[in-house]
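Note sheet for the following structure.
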Amino acid sequence: MRIVRDVLDKKLIDVDGSEMGRVDGIVLEFPQDRQPRLVRLEMGGEILAERVGHWLIRPVTWLGAHIGPRRKARVSIDWKHVDRMGRDLHLDIRADETEALAWEHWLAENFISRIPGGG
Amino acid sequence: MKKIIQLALGIVTGIGGFLEIGSVTTAVQAGAAFRYQLIWALLLGIVCLGFMLEMSGRFAAVSKHTVIDGLRDRFGFGFFSIVLSGVALVVFLVLVAEIGGVALAIEMGTGVGIPWWGMPVAFLAWLLLWKGNFDLVEDAPSILGLITLFFAAGVHRLEPEWNDVIKGAVPSLPATDKPHYWFLAVSILGASVSPHLMYFYSSGAVEEKWDKTYIGINRIIAGAGAAFGGLLAVAVLILSALVFHARDIDVERFDQMARMMKVPFPEWGVVLFALALGVTCLGAAMEIALSISYMIGQGLGWHCSEEGKPVEEARFSTAYTVILFLATIPILLNIDPIKVTTIAMALTSATLPLAIVPFLILMNDDAYLKDFTNGIISNSVVVVIMLISFVLAAVSIPLQIFGG
Amino acid sequence: MRELELRRILGAKVVDSEGAHLGRLEEIEAERGEESCVINSYIVEHRGLLDRVSTWALTSSMRQRLLAKSPRPYRVGWNQMDLRDPHHPRTLLPKELLERVTE
């Protein structure tokens with residue numbers, strides 16, 4: 001398997017089949033004298049900002065701190081929760097067990113449901 | 001049975017959904033300035049569009065993912081964000097033009113100025129997206145858009161010299177005003193082949209849960225839709241040539257364009273024109289707002305669907321709401337929709353390679369398309385037309401800026 | 001036990017033990033185990049413009065046709081790479097001793 005080709009930027013699907021987001025970042029672990037390994041998948045706007053260019057990091061971080069759910073900056077998912085790998089990565093956890101949908105819920109509560117017909 | 005209905009609706013969508021402010025404006029200006037000499041540009045655009053739609057549909061049917069999904073999966077976020085930004089910015093301009101188009105149509109009917117209509121039009125588009133589902137958004141404007149068949153009827157009434165019309169299918173240079181001629185050719189290509197159409201088409205195919213059994217239908221829908229819709233644009237060009245070129249009239253303003261329909265339909269012509277433009281531009285505005293939202297949402301891995309209630313896809317609904325709101329700002333500032341259209345069409349042409357090259361790479365990747373990757377014809381046709389469009393844009397846009 | 005984000009090393013210029021330039025770190029080969037995913041090797045290569053843009057370079061048939069002239073990528077084993085400075089990875093062997101990737 002190849003990490004950039006098969007894991008990075010792929011869509012994450014939770015155990016119920018819902019879209020959770022995409023793999024924006026990957027964390028590797030380098031133990032002393034043992035083989036390094038892939039330990040965590042990460043999602044987050046700041047990570048994407050950094051991948052585009054360093055100049056974007058501060059504005060995006062500022063936005064995240066002042067607008068919206070103001071949750072912890074990044075969502076981490078342990079590699080062991082990856083159940084199946086295909087075009088998308090299927091996990092064995094529910095999206096709501098993570099902070100992945102924080103913005104979705106925040107917008108749903110504070111914006112969308114306040115507009116008539118939003119549901 | 002379901003497939004037959006989808007086939008019929010797909011073709012209707014192509015016919016009723018092809019014309020919008022870009023294709024109408026460029027066709028009218030081309031017919032008025034150069035009679036039938038730019039028909040070849042329209043045909044080139046139609047062919048390219050047909051191939052691109054077919055590819056988008058095939059991609060969605062085989063890989064069960066949208067083109068946007070494929071773009072981020074395959075190229076990574078860095079490159080994806082460049083393509084996304086470029087396409088989204090240009091198509092946002094087109095959105096402004098479409099809202100302006102509806103506002104123009106209403107202004108014709110009421111006499112009340114365009115800036116007043118920006119918000120109500122955007123609100124109407126938003127309401128239809130908010131309350132409706134994908135089928136409504138796709139099908140309703142397209143069925144209403146069949147009013148554009150009146151352009152074909154108008155051509156029939158005015159009885160052009162068909163021999164002369166057919167000669168327009170072959171490129172021929174005008175005696176004078178060559179920079180304008182090439183600029184219009186570029187604009188026509190940009191009006192026909194807009195990258196957001198690819199993304200929207202593949203999103204639709206995924207929403208309708210197409211699979212490999214739809215590949216044949218997809219070919220017919222893409223081909224027939226583009227062909228019939230495109231022929232309506234040719235009809236507009238012919239009408240304009242018959243009405244304006246014959247009288248040596250320069251067409252800059254919308255109300256002038258509307259009078260084109262007065263000749264074949266003395267009583268209802270202007271109303272028909274305004275209605276046709278109003279309906280088709282509204283449909284196009286809804287489509288573009290959704291397309292941009294799909295681009296952002298699918299690229300970031302959101303749940304993006306027009307099927308459920310807005311609260312079930314909060315980020316997606318927020319996206320199209322914000323986009324439509326932002327698009328009203330230039331209208332409120334009294335920007336001329338025709339000018340925005342002209343710029344947007346030329347920019348689309350110039351940025352085509354940015355969208356098409358990665359798309360072609362995807363279409364040749366058997367990891368996504370298995371046995372259904374592009375054949376040499378699909379690849380060649382699209383590459384050639386894209387190059388023509390890019391080269392023409394690179395040459396004619398500077399000329400137009402510095403010449404006109 | 002050190003942790004490193006992939007984006008720190010991805011695309012970094014890699015030199016060999018003598019300081020010769022090998023290319024950029026473009027891909028990581030790994031193996032899925034029961035509990036974890038272990039890294040076997042790093043792929044280091046010279047990439048043209050088209051390849052920079054496509055992360056599936058090694059499997060794309062289009063790239064194969066264009067690739068005729070480019071030197072083949074290096075496969076550097078996990079224990080042959082020094083990542084103490086993530087922005088300047090170094091291999092522990094000279095390039096002549098490194099494995100090349102066969103298409």
Side-chain angles (χ1 to χ4, degrees), chain A residues 2-14 16-26 41-45 47-53 56 60 67-69 75 77 85-89 91 95 100-119, chain B residues 59-60 62-66 68-85 123 126-133 206 294 296-305 307-322 324-325 362 365 367-370:
Chain A
R2 286 161 185 236
I3 292 183
V4 176
R5 184 190 67 187
D6 302 331
V7 181
L8 189 61
D9 289 312
K10 299 299 168 284
K11 205 162 16 177
L12 289 163
I13 312 276
D14 83 348
D16 297 324
S18 319
E19 290 114 320
M20 262 176 79
R22 286 181 179 268
V23 179
D24 299 323
I26 292 173
L41 307 174
E42 296 193 316
M43 296 162 47
I47 302 177
L48 287 177
E50 193 177 332
R51 286 173 67 186
V52 171
L56 261 183
V60 172
I67 302 180
V75 178
I77 296 166
M85 285 177 64
R87 173 103 319 114
D88 309 321
L89 298 180
L91 305 176
L101 299 179
W103 267 96
E104 176 80 14
H105 295 317
W106 186 85
L107 280 169
E109 273 171 40
N110 294 289
F111 184 53
I112 302 295
S113 57
R114 299 211 178 146
I115 303 176
Chain B
F59 185 87
V62 176
S63 75
K64 303 289 185 89
H65 280 71
T66 67
I68 304 283
D69 288 331
L71 281 178
R72 179 157 177 198
D73 281 353
R74 176 86 168 62
F75 297 101
F77 184 72
F79 184 69
F80 170 80
S81 59
I82 296 174
V83 173
L84 176 67
S85 312
F123 178 74
W126 173 84
L127 193 64
L128 289 167
L129 292 179
W130 191 256
K131 287 289 198 181
N133 59 20
V206 167
Y294 279 134
I296 302 172
Q298 288 164 8
L300 295 177
W302 303 346
H303 177 60
C304 295
S305 172
E307 289 307 307
K309 288 187 183 303
V311 81
E312 289 162 27
E313 41 263 338
R315 287 168 295 182
F316 182 66
S317 323
T318 306
Y320 66 68
T321 306
V322 169
L324 278 169
F325 173 74
L362 265 183
D365 193 332
Y368 288 95
L369 285 155
K370 304 182 189 141

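Lettering follows sequence order; numbering is per chain, from 1.
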Closest non-hydrogen atoms of A/E104 and B/E312, given as atom of the first, atom of the second and distance, are OE2-O, 3.4 Å
Looking only at A/H105, A/R51, A/E109, most heavy-atom pairs under 4.5 Å shared with chain B are made by A/R51
Here the pair of heavy atoms bringing B/R72 nearest to B/G299 is NH1-O, 2.8 Å
Residue from B/W302, B/W130, B/F316, B/F80 scoring the most non-hydrogen pairs under 4.5 Å with chain A is B/W130
So, the part of A/I13 with a heavy atom under 4.5 Å from chain B: the answer is neither
Looking at A/R22 and B/D73, is there a salt bridge between them, counting it only when a charged N and a carboxylate O are closer than 4.0 Å? yes
B/S63 side chain to B/A60 main-chain N or O, any donor-acceptor pair under 3.5 Å?
no
From the list B/K64, B/K309, B/E313, B/H65, the residue making the most non-hydrogen contacts under 4.5 Å with chain A is B/H65
The interface call for B/T318 against chain A, heavy-atom contacts under 4.5 Å, is both
*asked:* Please check this pair: side chain of B/D365 against backbone of B/A367, looking for a donor-acceptor N/O pair closer than 3.5 Å.
replied: yes
